Chemist: 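Have a look at this one.
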Amino acid sequence: MLQIYNTLTRKKEVFKPLKEGEVSIYACGPTVYNMPHIGNYRTFFMTDNIVRTLEYIGYRVKLVMNITDIDDKTIRDSKAGGMSLKDFTDKYTVEFFKGLDMLNIKRASAYPKATENVDGMIELAQKLMEKGLAYEKGGSVYYRISGFPDYGKLSKINFDNIIIGASVDVDEYDKDNPRDFALLKASTLEEIERGIYYESPWGKIRPGWHTECSVMAMNSFGPTLDIHTGGVDLIFPHHENEIAQSEGATGKPFVCNWVHGEHLIVEGEKMSKSKGNIFTLPEIVGEYGGEVVRFMFLSVYYRKKLDYSDAFAENAKNNYLRLKETLDNLEFSLGGAENSSYPGDEEILKALPELETQFREALESDFNTPKAITVLRDLSHTANRYLEAGKNKQVLIKIHSLYRQFSDVLSLFAEAGKDEIPEEVMRLVEERESARKMKEWAISDTLREKIKSLGYIVQDTKEGPNVKKAEES
RNA sequence: GUCAGAAUGGCAGAGUGGCUAUGCUUCCGGCUGCAACCCGGAAUUAUGUGAGUUCGAUUCUCACUUCUGACUCCA
């Protein structure tokens, strides 16, 4: 039974999709104006984990993630970079996808772009205006918050106590209420000169930030969807505004389950340019590898802050390597497995389904990946103990397949046991084996060093030498 | 300032009204020609502070402290 923590109710709830066996998810994607940092990817990863878990449980999942390719920052920075808006955002869209691949994040069903959905946004604005929930001023269209009594239900903000003066926007635009937000923004002269504008019943405009998500989500799934994900910082105002726009227009509930991922911080502090502690994904992946980064994300519950540091990364890497080692060794042992039975065979076969249940229950408990990792460690330990004592082929196959099942859901260890060993290395390994048979330890040790210098390590086992690629460190 | 969330050993981290798991790290032992891997065992002042409820609190309540975030672009 899958339970999901819903920001709307601040409780874990039993998940029930709108359509039997099928789940619709909308995820807030990137604004493509710079290199995304690892914090951004933690959130994308969270959504990936949700998708994989749902599929593991047996749902068909349709994920839509938007790409914001027109907003204040993209317009500003493309100009600063002397590029057209499209060239600029295309460049960072490519970077975004590269990052997804580094982390082996599954592609969504669709990645709609804001610039390709402006018609829908204009329609939405019109509809809201007909309902008296929007008004035009100075060529911009604003949402009238006072017309939507539910405003604030997601963020639980009591608007009476908030200092509105903190907002600079008060005199920048001419709004009825300072909290009203723009659905469509009147184009500036500069934007018009650069060709960044769309024709609308109110003149030349460009989309406001919040409108795109409502439009794309409802275009993809209709008025109501199962799950909407994003980072905690989007709860207010972005998601609050999405609800206001969507529910204001349709009169129907917009999202059943709001899921928000906590932030990644660095040594206790928020990543920020002024502190100079921003890490991009390629930096970290370059140092530790994509799967270790995945493992880092998996080892902290998505609703908790992840405090990134070198020590944290090293720790994660060691943990990761140990679990990968088990799978490597399982793959290796399968080769030498026999059909004879061993004491403990039955015990193992009984334990495996229990572990499978525990693993599934961990993930079903609001995607508790750290707990799932603990179950994987249990399996690793069980496997290692069995490898000490027995090598029944059928048993090994069962252990191995469960190990693979777990690691596939978590998307880890894709390369385990698949190291390509160059011929040259194999020759040295064989040479070393003959030396060992002759008890020529000095020669054998020299050969091991030589193999190591080529980037491979040899482990002597009862079944013969196990050769694998050395982990870079 | 207002609001929201968080605080568990050297590190990571899950759980629980009554021995707190698990892994990393460190140490000892076994396996091994030696390693590596693995197995067995052990260790470290662990539940932010102070109250309250309770026979009993790390778990529930309150306050405080600290941190993070939202209120302003933000994953």
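Below, read A as the first sequence line, B as the second, and so on, with proteins coming before strands; counting in each chain starts at 1. Computed over heavy atoms, backbone and side chain alike; hydrogens, waters and symmetry mates excluded. Keep in mind it's a predicted model, so treat the numbers as computed, not measured.
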Chemist: When you compare B:rU61 with B:rG17, how far apart are their P atoms, in angstrom units rounded to a whole number?
Modeler: 13 Å
Chemist: Answer yes when A:K391 and A:E463 have at least one side-chain N-carboxylate O distance shorter than 4.0 Å, and no when they do not.
Modeler: yes
Chemist: Measuring only the P atom in each nucleotide, how far is B:rA14 from B:rU26? A whole number of Å is fine.
Modeler: 23 Å
Chemist: Determine: side-chain N/O of A:K304 to OP1/OP2 of B:rA7, distance under 4.0 Å, yes or no.
Modeler: yes
Chemist: Around A:K469, counting heavy atoms of other residues, nucleotides and ligands shown, do more than 12 lie under 6.0 Å from its NZ?
Modeler: no
Chemist: May I ask you to check whether A:H260 and A:H239 show a side-chain donor-acceptor distance below 3.5 Å?
Modeler: yes
Chemist: Give a yes-or-no answer on whether the side chains of A:T74 and A:T89 include a donor-acceptor pair shorter than 3.5 Å.
Modeler: no
Chemist: Would you kindly give the CZ-to-C1' distance between A:R377 and B:rC24, to the nearest whole Å?
Modeler: 8 Å
Chemist: Does A:K317 make a side-chain N or O approach to OP1 or OP2 of B:rU25 shorter than 4.0 Å?
Modeler: no
Chemist: Counting only heavy atoms not in A:E283, do more than 12 fall under 6.0 Å of its CD?
Modeler: yes
Chemist: Of the non-hydrogen atoms in A:D77 and A:Y33, which two are nearest, and what is the gap between them?
Modeler: OD2-CD1, 3.4 Å
Chemist: Stems involving RNA chain B: give each as a range paired with a range, ordered by first number, where a stem means at least three consecutive Watson-Crick or G-U wobble pairs under 3.5 Å.
Modeler: B:1-7 with B:65-71, B:10-12 with B:22-24, B:25-30 with B:38-43, B:48-52 with B:60-64
Chemist: Roughly how many Å is it from CG in A:L100 to P in B:rA75, rounded to a whole number?
Modeler: 14 Å
Chemist: Spell out yes or no: do the side chain of A:N384 and the base of B:rC37 have one donor N/O and one acceptor N/O closer than 3.5 Å?
Modeler: no
Chemist: With P as the reference atom in both, quote the distance from B:rU59 to B:rA7 in angstrom, rounded to an integer.
Modeler: 11 Å
Chemist: Is there a donor in the side chain of A:H228 and an acceptor in the side chain of A:E242, or the other way round, less than 3.5 Å apart?
Modeler: yes
Chemist: For A:V375, report the nucleic acid contact type (base, sugar-phosphate, nothing); a contact means any heavy atom under 4.0 Å.
Modeler: nothing
Chemist: With heavy atoms under 4.0 Å as the rule, sort A:L323 into base, sugar-phosphate or nothing.
Modeler: nothing
Chemist: Contact class for A:E388 (heavy atom, under 4.0 Å): base, sugar-phosphate, or nothing?
Modeler: base
Chemist: A:D71 near the nucleic acid: base, sugar-phosphate alone, or nothing, with a heavy-atom cut-off under 4.0 Å?
Modeler: nothing
Chemist: Give A:N318 one of three labels, base, sugar-phosphate or nothing, depending on what nucleic acid heavy atoms sit under 4.0 Å from its own.
Modeler: sugar-phosphate
Chemist: For RNA chain B, which residues in residues 436-445 of chain A have a heavy atom at a distance below 4.0 Å?
Modeler: A:R436, A:W441, A:S444, A:D445
Chemist: Is A:K393 salt-bridged to A:E338, going by a charged N under 4.0 Å from an acidic O?
Modeler: no
Chemist: Both A:N319 and A:D460 contact RNA chain B. Which one's nearest nucleotide lies toward the 5' end?
Modeler: A:N319
Chemist: With heavy atoms under 4.0 Å as the rule, sort A:L234 into base, sugar-phosphate or nothing.
Modeler: sugar-phosphate
Chemist: Shortest non-hydrogen contact from A:I399 to A:A383?
Modeler: CG2-CB, 3.7 Å
Chemist: So if I take every side-chain heavy atom of A:N368 and compare against B:rG5, B:rG15, B:rU72, which nucleotide ends up nearest?
Modeler: B:rG15
Chemist: By nearest heavy atom, map A:H37 and A:E314 onto RNA chain B; which one lands nearer the 5' end?
Modeler: A:E314
Chemist: With sugar-phosphate meaning primed atoms plus P, OP1 and OP2, does A:T374 contact a base, only sugar-phosphate, or nothing at under 4.0 Å between heavy atoms?
Modeler: base
Chemist: Whole-Å distance between B:rA6 C1' and A:Y302 OH?
Modeler: 15 Å
Chemist: Look at A:R303 and B:rU68 and indicate whether a side-chain polar atom (N or O) is within less than 4.0 Å of OP1 or OP2.
Modeler: no
Chemist: In whole Å, what separates the P atom of B:rG33 from that of B:rG9?
Modeler: 42 Å
Chemist: Over 60° means perpendicular and under 30° means parallel, so tell me whether A:H210 and A:H238 are parallel, tilted or perpendicular.
Modeler: tilted
Chemist: Could you state the CZ-C1' distance from A:R76 to B:rU72, rounded to the nearest angstrom?
Modeler: 13 Å
Chemist: What do you reckon, are the aromatic ring centroids of A:F413 and A:Y320 less than 6.0 Å apart?
Modeler: yes
Chemist: Between B:rA51 and B:rG10, how far apart are the P atoms? Round to whole Å, please.
Modeler: 23 Å
Chemist: Whole Å only: how far is the NZ atom of A:K270 from the C1' atom of B:rA6?
Modeler: 17 Å
Chemist: Taking any heavy-atom pair under 4.0 Å as a contact, classify A:P237: base, sugar-phosphate, or nothing.
Modeler: sugar-phosphate
Chemist: When you compare B:rG23 with B:rA43, how far apart are their C1' atoms, in angstrom units rounded to a whole number?
Modeler: 16 Å
Chemist: Could one point to a donor on the side chain of A:R322 or the base of B:rC24 with an acceptor on the other under 3.5 Å away?
Modeler: no
Chemist: With sugar-phosphate meaning primed atoms plus P, OP1 and OP2, does A:K73 contact a base, only sugar-phosphate, or nothing at under 4.0 Å between heavy atoms?
Modeler: sugar-phosphate
Chemist: Could you tell me whether A:E95 and A:K98 have a side-chain N and a carboxylate O separated by less than 4.0 Å?
Modeler: yes
Chemist: Would you indicate what A:G39 reaches in the nucleic acid, counting non-hydrogen atoms under 4.0 angstrom: base, sugar-phosphate, or nothing?
Modeler: base
Chemist: Taking atom C1' of B:rG69 as reference, at what distance in whole Å does atom NE2 of A:H239 sit?
Modeler: 15 Å
Chemist: Check whether the side chain of A:R10 and the base of B:rA4 form a donor-acceptor pair under 3.5 Å.
Modeler: no
Chemist: Does A:F44 reach a base, just sugar-phosphate, or nothing at all? Heavy atoms under 4.0 Å.
Modeler: nothing
Chemist: How are the rings of A:Y151 and A:F181 set to each other: parallel, tilted or perpendicular (split at 30° and 60°)?
Modeler: parallel
Chemist: Please enumerate all protein N or O atoms sitting under 3.5 Å from an N or O of nucleotides 40-45 of chain B, with distances to 0.1 Å.
Modeler:
| unit_1 | atom_1 | unit_2 | atom_2 | d |
| --- | --- | --- | --- | --- |
| B:rG40 | OP1 | A:R385 | NH1 | 3.2 |
| B:rG40 | OP2 | A:H381 | NE2 | 2.9 |

Chemist: Tell me: CD1 of A:I235 to P of B:rA75, nearest whole Å?
Modeler: 14 Å
Chemist: Using atom CG of A:L154 as one end and atom P of B:rC71 as the other, report the distance to the nearest whole Å.
Modeler: 13 Å
Chemist: Look at atom NZ of A:K12 and say whether more than 12 heavy atoms of other residues, nucleotides or ligands are closer to it than 6.0 Å.
Modeler: yes
Chemist: Rounding to an integer number of angstrom, what distance separates B:rU20 and B:rU47 when you compare their P atoms?
Modeler: 11 Å
Chemist: Where do A:L402 and A:L352 come nearest, in terms of heavy atoms and distance?
Modeler: CD2-O, 3.5 Å
Chemist: Rounding to an integer number of angstrom, what distance separates B:rC55 and B:rC62 when you compare their C1' atoms?
Modeler: 22 Å
